[in-house]
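Remember, it's 1-based here, ligands and their atoms both numbered in the order they're listed.
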Amino acid sequence: MDEIITNIEARVATWTFFPIENGEPIQILRYEHAQKYEPHFDFFRDKHNIQFGGNRVATVVMYLSHVRKGGETIFPITNSSLSQTKDDSWSECAKMGYAVKPIKGDALLFFNIRPNATADTSSLHGSCPVIDGEKWSATKWIRARNFDIPHKKLRQIPESKMLQLGVDESYTLKVSKPKRKSILGEAIIEANTVYGALRGLEWHLDGKLRKVLVIDTFNLGKRKLNYCCLLMMHQTFSQLCSFDYTTKTVQIHKAPWSIKDKPRFSYRGLMIDTSRHYLPIDVIKQIIESMSYAKFILFFLHNFRCEREFINAQWNKLKYIIYQILAKIIFASNFPSADNAGINVMAEVDVPGHGESWGVGYPEIWPSPSCREPLDVSKTFTFDIISGILSDMRKIFPFELFHLGGDEVNTTCWRETPHVKEWLHNNNMTAKDAYQYFVLKAQDIAISKNWTPVNWEETFNTFPAKLHPQTIVHNWLGGGVCAKAVAKGFRCIFSNQAFWYLDHLDVPWDMVYTAEPLDGIDTDSEKELVIGGEVCMWGETADASDVQQTIWPRAAAAAGKHVLLMRKSITLTILPRFKHFRCLLNRRGVPAAPVTNFYARRAPDEPGSCYDQ
Ligand SMILES: O=C(O)CCC(=O)C(=O)O
Ligand SMILES: [Fe+2]
């Protein structure tokens, strides 16, 4: 923490005799000409606000600027107002009660709660309008007890409110107009879960820039959520605001406003391909964190396998490396940002077509050393290994879905390797039958470990009638697949590569936005089976040096579709918001590329702002 703040807090503690831990974080207030703070109490009357640290026993107001006239802190109903005589250096407002002049360097201490723990209504106070000058003050509210939030409480949430597929993410957000001349506006967010609150606080593609209201401070009013959520809200609330360098004010656009919203889809994913190039854990963490800015809920770790550079390693070494990678992922998925940002992590073991690397440790699961994929369907040992890997992974991936791949299965190896060929013959199977046999066996293993299987669309395209009815079909090859899948009663994830493959650098943001997961689906019951979509960041052409600017900002265009219905004329309505969002990402340290820069990662043409390039 800032050293100056620490010193101020220490002095306040010494002066007031309240321990530092009882203090809330300092609030800074700025009053321009004619602005005031309506009389109010600092103590709380509701149970909710006092659950962490009890009530606000005392208030310290520190004056940070000289005000030539006005801006006095006034106590309108205290008895001591009679004892105070005031000349013309005081404002008319100040004459209405006991008042304290804002003098730079002074501090005012008053008590809101009596020693017998009852509320002291004579503590009613406000700030008189500033007549000449500008008033800056800093408030420290002091609680009866330690204000630290007990972390254990954060965990005591019912199962239905925990992060999972279909968690209630609805929210209402209201930003009121501030009362005339008062510096206070009010923002209220109500949600049934922490994740609803988070979504409510994040960027909204539809947030049009209409009226601009300038307010300096926020009074987060009636709260349904407990204080821990409020803190998160408070942090993220800043994201609805922008700082205007000309007026030096924080601005909230389009107030008053009232939004009642929930995402269109419960599954809003971003896939990262960690199998082709090494991505350091810090980059993975940054990606997870930035996903929440665009209301994503799912991070899909494509094909969990060892990295190519280790492919020739001995098994022991490989095992060590695999566990190291697992440890990294555990860290990534347990990293507070994944949970706090409301991001689920889904992993994949892509069998039988892309499982070659697992055979480095157990070469027996390859049909032969020279023909390694698809994995050997003829041996029970292959399935023992898959089962072992999945058991290990189950311990670290709590999310209910697990991806089993099943794409791009070229059966040449099976048809040409003598012992596999013989096995096919003995079992009276074609290579296609064996593909089905393999996928279904892998599904059974995943289901036995209490996972819902997700498979790439080839499995559905090849043997739709045989797939486990719980299967979620993951589209990628082209359009119309989800329509077919839901017609057969399967759930579906939309990732049409023509629109939602981020490694297709020539797909501009508006094409990403134009894609519609529900295209070609008419009935409501079938629409419901499309659980959402996923943008895919395949790794062939990206590594840590450019992966984030390939993801952002285009991924946000897809995320926009996840939460909004299609609009006409998106250049007028969505493009400005989209540019705004890319600036926001840049400000938060995310290296998002310019919005309309073709090929996404090319350097900007113009020297302009982050908004216009
Ligand atoms: O700025 C002032 O004088 C009063 C501030 C105040 O009442 C508060 O922050 O609770
Ligand atoms: Fe106050």
Side-chain angles (χ1 to χ4, degrees), residues 5 8-9 12 16 18 22-46 49-50 53-78 80-81 84 86 89-114 119-144 147 178-179 181-187 215-223 227 230 234 237 249-250:
I5 302 288
I8 292 172
E9 297 197 317
V12 168
T16 61
F18 283 107
N22 292 26
E24 289 184 41
I26 290 174
Q27 310 274 329
I28 307 289
L29 299 172
R30 175 196 183 207
Y31 304 75
E32 289 183 307
H33 176 74
Q35 288 189 315
K36 61 182 178 184
Y37 198 145
E38 296 291 348
H40 61 279
F41 299 114
D42 285 351
F43 57 76
F44 296 114
R45 296 170 198 267
D46 63 302
N49 276 301
I50 59 170
N55 219 325
R56 284 176 175 160
V57 177
T59 301
V60 172
V61 178
M62 293 162 271
Y63 300 106
L64 309 179
S65 68
H66 279 301
V67 185
R68 282 181 291 279
K69 191 151 189 198
E72 299 92 343
T73 304
I74 173 145
F75 296 83
I77 59 171
T78 172
S80 31
S81 55
Q84 200 182 27
K86 299 196 189 75
S89 65
W90 297 83
S91 69
E92 284 309 308
C93 156
K95 293 178 183 162
M96 312 299 285
Y98 188 86
V100 179
K101 272 190 188 162
I103 294 169
K104 186 173 173 176
D106 277 6
L108 164 70
L109 165 67
F110 57 91
F111 291 83
N112 306 300
I113 303 287
R114 296 194 194 91
D120 186 346
T121 47
S122 67
S123 70
L124 185 79
H125 63 282
S127 172
C128 287
V130 170
I131 294 170
D132 189 7
E134 194 174 69
K135 175 179 170 185
W136 287 81
S137 60
T139 305
K140 179 161 272 296
W141 292 300
I142 301 170
R143 301 283 183 140
F147 183 61
K179 292 183 199 105
K181 299 285 186 205
S182 166
I183 61 161
L184 278 195
E186 195 175 55
I215 55 177
D216 277 313
T217 185
F218 312 107
N219 176 18
L220 293 164
K222 298 170 206 151
R223 297 131 183 168
Y227 209 89
L230 247 179
H234 205 72
F237 190 70
T249 49
V250 177

Q: Can you tell me if Glu72 has a non-hydrogen atom under 4.0 Å from ligand 1?
A: no
Q: Would you mind telling me if ligand 1 is within reach of the side chain of Gln27, the backbone, both or neither, using heavy atoms under 4.0 Å?
A: neither
Q: Return the orientation label for the Tyr31 and Tyr37 ring planes: parallel under 30°, perpendicular over 60°, tilted otherwise.
A: tilted
Q: In ligand 1, which numbered atoms sit nearer than 4.0 Å to a non-hydrogen atom of Thr73?
A: 2 (C), 3 (O)
Q: Could you check whether any heavy atom of Asp42 sits closer than 4.0 Å to an atom of ligand 1, since that is the contact criterion I want to use?
A: yes
Q: Hey, are the side chains of Asn22 and Phe147 touching, using non-hydrogen atoms and a 4.5 Å cut-off?
A: no
Q: Using distance alone, with no hydrogens and no angle criterion, decide if Glu134 and Ser65 have a side-chain donor and acceptor under 3.5 Å apart.
A: no
Q: Closest to the Fe ion (ligand 2), which N/O/S atom of Asp42 is it?
A: OD1
Q: So Glu92 and Ile131, do their side chains get closer than 4.5 Å, heavy atoms only?
A: no
Q: Compute the shortest N/O to N/O distance between Tyr63 and ligand 1 and return yes if it is under 3.5 Å, no if not.
A: no
Q: Could you list the atoms of ligand 1 found under 4.0 angstrom from a heavy atom of Lys135?
A: 1 (O), 2 (C), 3 (O)
Q: Taking all non-hydrogen atoms of both residues into account, name the closest pair between Ala94 and Glu72 and its distance.
A: CB-CD, 3.5 Å
Q: Which heavy atom of Arg56 sits nearest to which heavy atom of Asp42, and what is that distance?
A: CD-O, 3.0 Å
Q: Could you pull out the closest heavy-atom pair between Phe43 and Asp120, with the gap in Å?
A: CE2-O, 3.7 Å
Q: Regarding ligand 1, does Tyr31 bring an N or O atom to under 3.5 Å of one of the ligand's N or O atoms?
A: yes
Q: Show me which atoms of ligand 1 lie under 4.0 Å from any heavy atom of Thr139.
A: 5 (C), 8 (C), 9 (O)
Q: Can you check whether His125 has an N/O within less than 3.5 Å of an N/O in ligand 1?
A: yes
Q: Ligand 1 versus Leu29, non-hydrogen atoms closer than 4.0 Å: side chain, backbone, both, neither?
A: side chain
Q: Do Pro129 and Ser91 come close enough that some side-chain heavy atom pair is under 4.5 Å?
A: no
Q: Which atoms of ligand 1 are found less than 4.0 Å from any heavy atom of Trp141?
A: 8 (C), 9 (O), 10 (O)
